[in-house]
Each structure stands twice: as structure tokens, then as C-alpha cells.
There are 2 protein chains.
Amino acid sequence: MAGTRRRGAGRGRPTLEEVAARAGVGRGTVSRVINGSPQVSERARLAVERAVAELGYVPDRAARALAANRADTVALVIPEPETRLFAEPYFSDIIRGVSAELAEADLQLLLILIRTPKERQRFAEYLSAHRVDGVLLVSVHADDPLPDLLERIEVPAVLGGRRSAHESVPYVDSDNAGGARCAVEHLIERGRAAVATITGPLDMYAARCRLDGYRAALRTAGREVDPELIEAADFTEEGGRLAMRRLLARRPRLDAVFAASDVMAAGARQVLREEGRRVPEDVALVGYEDSAVARHMDPPLTSVRQTTQEMGQAMVRVLLREIESRSERTADRPRLVLPTELVRRGSS
Amino acid sequence: MAGTRRRGAGRGRPTLEEVAARAGVGRGTVSRVINGSPQVSERARLAVERAVAELGYVPDRAARALAANRADTVALVIPEPETRLFAEPYFSDIIRGVSAELAEADLQLLLILIRTPKERQRFAEYLSAHRVDGVLLVSVHADDPLPDLLERIEVPAVLGGRRSAHESVPYVDSDNAGGARCAVEHLIERGRAAVATITGPLDMYAARCRLDGYRAALRTAGREVDPELIEAADFTEEGGRLAMRRLLARRPRLDAVFAASDVMAAGARQVLREEGRRVPEDVALVGYEDSAVARHMDPPLTSVRQTTQEMGQAMVRVLLREIESRSERTADRPRLVLPTELVRRGSS
DNA sequence: AGGTAGCGTGGGAGCGCTCCCACGTTGATG
DNA sequence: CATCAACGTGGGAGCGCTCCCACGCTACCT
């Protein structure tokens with residue numbers, strides 16, 4: 001029991017003090033060097049750097065966090081509704097982007113998946129307990145209280161995707177309306193006469209934006225928007241199937257479909273096959289997200305690519321700026337909308 | 001500047017000391033209550049619990065980590081090779097399982113994606129710097145030095161998937177051989193005469209196990225293993241295509257294919273279509289992983305399901321046991337192999 | 001010459017905990 | 001009635017940092 005105190009990682013790691021002793025300077029000077037303060041003479045800096053290298057010194061994050069009252073940690077929060085609305089590629093791309101950008105800034109990524117109300121509660125405690133420097137929230141629903149909670153307890157936060165047109169919290173979003181418009185314009189250019197759309201749940205802002213884009217494209221082309229060609233679904237495959245059936249029942253002559261997600265497009269495609277409609281000859285199909293599903297469909301699905309990974313990176317950059325300017329609470333919160341791109345494949 | 005010291009989250013959060021004062025006890029007693037020590041009188045416990053509730057006290061993790069020399073944190077390390085060998089569902093399922101199980105134990109999940117050698121280096125520093133209580137490693141290649149590094153610096157670690165038959169580090173794996181055997185037995189039962197296989201890279205243990213399962217199933221059925229029906233690929237779609245072409249060239253009469261991954265099966269399926277072979281009438285096809293790709297294929301792909309999420313959970317449980325028994329370094333390291341299950345769909 | 005910025009520096013204080021020692025206080029024991 | 005565990009308890013010491021004050025020193029002013 002004596003002397004063998006358990007060590008999370010590596011017993012006898014050198015401390016600041018030991019580095020200072022070896023370099024023949026004081027603790028303060030070593031700290032200044034470590035943290036890149038300009039207030040250090042060249043001589044001292046070199047001595048410290050040498051000692052650090054020789055001892056293999058790595059500052060202890062826990063001690064740092066306690067003393068400096070920061071965490072060097074950012075939490076990425078992913079609420080997970082019962083149905084896994086967003087396909088996996090979205091999340092893993094976000095994570096990729098976030099991770100890359102955080103690594104750049106030498107920050108840690110704390111991943112928090114919220115499934116149950118209990119876990120939500122736990123997360124709220126985290127915010128005070130663990131000291132995260134900031135929070136990234138993705139896939140937030142319009143009625144989610146989390147962003148406001150964060151706002152209230154003054155934890156810097158950035159949303160991935162707005163909740164509404166007038167989002168009060170800083171956010172990074174992708175150009176849903178633009179992407180949808182582009183997709184529909186493409187279908188029109190291809191000479192399609194009756195372009196239908198399968199939308200996402202319209203209580204989600206992103207879904208509404210995509211619908212707006214669909215409408216805008218039609219109007220720009222001088223066409224009328226036929227409400228019978230619009231069918232709302234829920235971003236799932238089954239929803240896509242149902243919507244497609246209804247659309248075909250109402251407008252059997254439709255010759256193009258813009259689905260607001262690849263997964264819904266996959267569902268629609270199944271129904272089209274069942275009904276003996278060829279893709280793209282009889283009906284052209286375009287999806288949204290450019291996920292793996294799109295590439296594996298037959299024929300491969302034309303889809304709107306969102307630069308999800310870059311969205312993750314952008315979120316981190318915005319968050320870091322927020323953390324930086326913590327004190328000078330400026331009125332205008334940063335916001336950023338990333339472009340989308342149409343990826344043309346065999347289905348249109 | 002005075003008084004407005006920046007606070008990661010929540011200024012003026014109550015401290016242990018304040019709780020102690022309010023409860024009319026000493027710091028030690030509060031600490032004991034918080035940590036569930038039995039050495040506390042009922043009276044004191046109640047007083048403390050009341051004070052905690054009234055003040056909304058949440059222990060500070062950084063202080064705790066520093067004082068107790070532990071981190072309450074587990075790192076999940078995902079090395080990301082250039083080609084994203086493993087499909088997304090695998091990782092997100094692992095993450096899901098890990099997250100759920102860690103939440104249970106009130107531990108944090110630190111997600112570490114390693115892309116570049118530089119990030120690898122950074123991670124090595126983490127291990128000493130940040131104090132993680134343990135590390136979970138998935139998708140580790142046979143020649144990966146990381147597990148040995150962890151072993152050396154005595155950080156508890158658990159692998160998801162072995163590197164070889166004689167894995168020295170504790171691991172949780174799924175029954176690759178059994179799953180493959182089951183898939184091939186299924187094809188044999190369906191009356192298929194010439195069952196081919198497209199394997200993963202054979203320097204990966206999982207790929208070798210699946211090939212072993214293939215062989216075992218044939219032998220059990222009293223059949224010979226025809227090496228011409230075996231083609232190695234690399235878990236990618238393109239690899240699946242190439243392998244399928246070679247197999248067809250060598251053995252045009254084959255009537256079944258077991259692909260060691262869904263993605264390779266998707267590639268094979270494309271070639272089969274090009275060659276005018278119907279699935280499943282002419283050639284039955286079975287994949288491995290039961291990913292989204294399998295469900296979206298046409299016809300839907302029969303595939304071997306691995307309970308990836310449970311694998312994540314199991315990894316955490318094993319890791320926690322490892323951390324627990326840190327001191328009494330027992331010789332036998334825990335290992336666990338999870339079962340697989342065949343999901344039958346239209347392709348076979 | 002004395003005054004005074006300013007820089008580089010050492011080290012005290014303290015972040016909020018856990019650990020552990022030493023101190024009552026009790027009840028069973030000889 | 002003294003002796004001794006066993007229990008519950010308070011609080012000192014310290015985890016490894018950062019922050020900041022106060023000190024010496026040089027260089028420049030008047």
C-alpha cells in the first residue's frame with residue numbers, strides 16, 4: 001500500500017518544478033515558456049526547452065484545468081432520437097471535421113450522446129462539473145431546450161444547423177435552400193415536366209428550407225408550384241416509400257422526384273421499381289446528402305452534397321472565436337452558411 | 001480585471017467546503033458521502049445530502065482528477081487509415097455501445113481519431129498528459145505498435161478485434177469464423193454447388209477468420225475446398241468488383257458467393273449484373289456486417305450481423321474490470337468473443 | 001547624478017478536491 | 001474499572017499547475 005499509489009498514466013512523470021530545477025530557473029519561467037509567453041529571455045527559453053526535451057515533460061491537463069480554470073476540452077453533443085433520423089455518414093463526417101480542427105488547437109473532444117432524459121440530466125451536470133470550454137450541438141430540434149440552457153449558464157456554444165430562421169445562438173449551417181434549388185433546377189434542365197418532392201418533417205427548419213428551394217427553382221423557371229406534387233415524409237426509408245406511393249396515386253404522370261434525403265430517395269426508388277417505372281428513363285430521381293446509400297443505389301443516385309466535414313471544422317472555428325471573445329459579449333453572434341454541391345449520377 | 005476571472009462553466013459554483021459548512025460537518029465527511037463510503041453515520045449522510053441538494057453541488061472533475069490521480073475518462077481511439085476500410089455503421093455502433101456503457105459508470109468518453117503520424121504522436125503525449133483511466137482501441141492492424149505502447153506504459157487497454165490468434169492484450173472480438181461458417185452453411189443448404197468467397201486482406205486476422213469459417217463449412221458438408229473459388233480483396237467496393245471478375249473468369253459455373261464484407265458484396269453484385277447473372281437465381285450472394293449497404297441493395301443482401309453495439313459495451317465492461325484490477329496484475333487477461341447472426345434477405 | 005519606466009524573473013498563494021493521520025466516543029472485554 | 005478495538009470524524013497536506021506580486025536589473029530620461 002505504501003509508495004504504490006495508483007497512477008492513471010505513468011508514475012513519476014516529471015513536473016513543472018523538476019523542469020525548472022533542471023533548467024536552473026523558477027517555476028514561473030517554465031510556465032511562461034510552456035505557454036508561449038513573450039516575456040521570456042532567449043536564454044531562459046532555450047534552457048527550459050532543453051530541460052523539457054530531456055525529461056520528456058508533458059504538462060498535466062488536470063492540474064492545468066484546475067489552476068487555470070479552463071478545460072482544454074470541447075463537448076460534441078449528439079442527441080439521438082428514437083429513430084435514427086440522420087444517417088450515419090452525417091454524424092461521422094461531423095465528428096471527423098470536429099476532431100481534425102480540435103486537434104489543430106490541441107483541444108480534446110468529449111463525445112456526448114444523449115439518448116434518454118436521464119442522460120440529458122447528466123449532461124447538464126457535466127456542464128458545471130467537468131468544465132468544458134465550449135459545446136457543439138448538432139441535429140437540434142426546434143423545441144430543444146438545450147441551446148437556451150447553454151445560453152443561460154453562459155457556456156459558449158455553436159449549433160450545427162439552425163432551429164429557425166432567427167436563430168439566436170451562433171451556428172454553422174449548410175445552404176439547404178440553395179442545394180434543393182440546384183437539384184430541382186437540374187431536373188428542369190433535363191427537361192422534366194412534373195417534378196415532385198418528398199420533404200422531411202416540416203417542423204425541422206432544414207426540411208422547410210429544402211422545400212423552399214424546391215419552390216424557388218420552379219418559380220424561377222416560370223412554373224407553378226403544384227401542391228399535389230409535394231408530399232411530406234420523415235427522412236426515413238419507409239416514409240419515402242409511403243410518400244412515393246401517394247405521389248404516384250395523385251399524379252401518375254410525374255417524371256421527376258426530388259427527395260430531401262438519400263434514404264427517402266431509396267424508399268421512393270423501391271416503389272418506382274414495384275410500379276414498373278424506370279429510373280431515370282421514366283422518372284428522374286435526386287436525393288440529398290450524398291451519403292453511401294446514394295452511391296450504392298442502382299442506378300447511383302444523383303444527390304446534393306453537403307460538406308459535412310467542413311461544417312464540423314467550421315463549427316469548431318466559430319466556437320473557438322466565441323470562447324476567445326467570451327468577455328466582450330458582442331451583440332452580433334457569428335453565423336455561417338456553407339455551400340452545397342450537386343453530384344450528378346445515373347438516376348437523373 | 002478584478003473579480004471577473006473567467007470561468008469555464010458557472011462562476012461561484014459551490015465547493016466541497018461550502019457544502020461542509022452548510023451541513024455542519026468537515027470536508028472529509030462530505031467527500032466520504034459523495035464517494036459513497038460506508039464510514040459515515042446516517043445523521044451526517046443525511047445532512048450532507050441535504051446541503052448538496054440545496055446548493056446544487058456538483059464535484060469538480062478537474063480537482064478530483066488532480067487530487068485522486070484518476071481521470072474518470074476513457075479514450076476511444078479510432079485509427080483512420082487512408083481508405084476508410086470499415087464502413088461507418090461499424091464505428092457509429094461501437095461508439096453508441098461505448099457511450100451507453102460509459103454513461104452507466106459515469107465516465108467520460110474522449111474520442112480520438114488518428115489520421116496522421118503527427119496525431120499519433122500527439123496521442124502518445126495525451127496518454128501521460130491527460131490522464132485517461134483506460135483506452136479502447138478498435139480496428140487495430142496486425143502491425144500497429146499502439147497496443148504494445150499502451151502495455152509498456154501500463155495504461156489499461158482493451159482491443160476491439162484481435163490482431164492475431166494469440167493476442168496478448170485484453171480484447172473483445174466477434175465470432176468471425178462462426179459467422180462466416182454460418183453464412184456458407186446457409187448457401188450449401190440452399191443447394192448451391194460451387195460456393196466462392198471474396199476475402200478481406202489476409203494480413204487482417206478478422207479476414208483470415210472469415211476465410212477459415214468458409215473452409216470449415218465446406219469441410220463439414222463433406223466438400224473439398226477449391227482454391228480457385230477463393231479470391232482475396234481489400235474490403236472495398238472496387239476490390240469486390242475485381243475479385244468477382246476474376247472468380248467468374250476462373251469458374252464461370254459458380255452459383256454462390258460469400259463476400260467477407262457488404263461493400264465487397266456490393267461490388268460483386270455490380271459485376272454479376274454486368275455479366276447478366278441474376279441474384280439470387282443464378283448466383284446467391286451473402287455479405288458480412290449487415291450494414292446499411294446490405295439493406296439498400298437490390299435484392300437486399302443476406303448478411304452476417306455482428307452485434308457491434310454490444311461489442312462496444314463489452315469492451316467498456318472489460319476495460320473497467322482491467323482498471324479495477326490494476327494492482328493485482330493477473331496473468332490471464334480477459335477476452336471475449338461475441339456471437340454473430342445470419343440475416344436472411346433476398347440475395348440468397 | 002538621481003529618478004523612473006520597463007523587462008525578466010522567482011516564488012507565494014491558491015484552484016477544489018482526495019488521502020490519511022490523529023483524535024474523540026462508543027461499547028465490548030478482561 | 002481500566003483497556004482496547006472499532007467506528008466516525010475533522011482537518012492538514014498536497015496533487016501540478018497558473019496567476020500575480022514584488023524584486024532586481026538595465027536603459028533611458030531630466
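Every chain is numbered from 1, with letters handed out A, B, ... down the list of sequences. Every heavy atom of this structure was used, including side-chain atoms; hydrogens, water molecules and symmetry mates were not.
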Next on the checklist: Is it true that A:Arg61 and A:Thr73 share a donor-acceptor pair across their side chains at a distance under 3.5 Å?
Outcome noted: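 Distance-only check fails for A:Thr73 and A:Arg61.
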
Item to check | A:Arg27 side chain, from C-beta outward: closest of D:dA13, C:dG12, D:dG16 | outcome: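 Between D:dA13, C:dG12, D:dG16, the one nearest the side chain of A:Arg27 would be C:dG12.
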
Checklist entry - Which one, C:dC17, D:dC17, C:dG10, comes nearest to the side chain of A:Thr29? => result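 The answer is C:dG10, which lies nearest to the side chain.
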
Next on the checklist: Tell me whether the side-chain N or O atoms of A:Arg32 pair up with the base of C:dG10 as donor and acceptor below 3.5 Å, since no angle test is needed here.
Outcome noted: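 Looking at the base of C:dG10, it does pair with a donor or acceptor on the side chain of A:Arg32 (distance under 3.5 Å).
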
Next on the checklist: Taking the side chain as everything from C-beta on, heavy atoms only, tell me whether A:Leu107 gets closer than 4.5 Å to A:Leu320.
Outcome noted: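 Yes; the side chains approach each other to less than 4.5 Å.
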
Checklist entry - So, the side chain of B:Asp173 versus the backbone of B:Val337: is there a donor-acceptor pair under 3.5 Å, distance only? => result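 No; zero donor-acceptor contacts below 3.5 Å.
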
Next on the checklist: Rounded to whole Å, how long is the line connecting atom CG of B:Leu55 with atom P of C:dG16?
Outcome noted: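 Distance check: B:Leu55 CG to C:dG16 P gives 14 Å.
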
Checklist entry - What's the shortest heavy-atom distance between B:Val318 and B:Pro334, and which atoms? => result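 So the minimum-distance heavy-atom pair works out to CG1-CG, 3.7 Å.
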
Item to check | Within 6.0 Å of CD in B:Glu104, more than 12 heavy atoms from elsewhere | outcome: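 At most 12 heavy atoms, drawn from other residues, nucleotides or ligands, come within 6.0 Å of this atom.
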
Next on the checklist: If you assign B:Thr15 and A:Gly28 each to the DNA chain C nucleotide with the nearest heavy atom, which residue ends up on the more 5' nucleotide?
Outcome noted: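 Its nearest nucleotide being more 5', the pick is A:Gly28.
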
Checklist outcome for this item: Encoded 5' to 3' (Watson-Crick or G-U under 3.5 Å; [ ] crossing; | other strand), DNA chain D becomes ||||||||||||||||||||||||||||||

Item to check | Any B:Ser31 side-chain N or O less than 4.0 Å from OP1/OP2 of C:dC17 | outcome: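 Negative; the distance criterion is not met.
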
Checklist entry - Which of residues 35-49 of chain A have a heavy atom under 4.0 Å from DNA chain D? => result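 Result for residues 35-49 of chain A: A:Asn35, sorted by number.
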
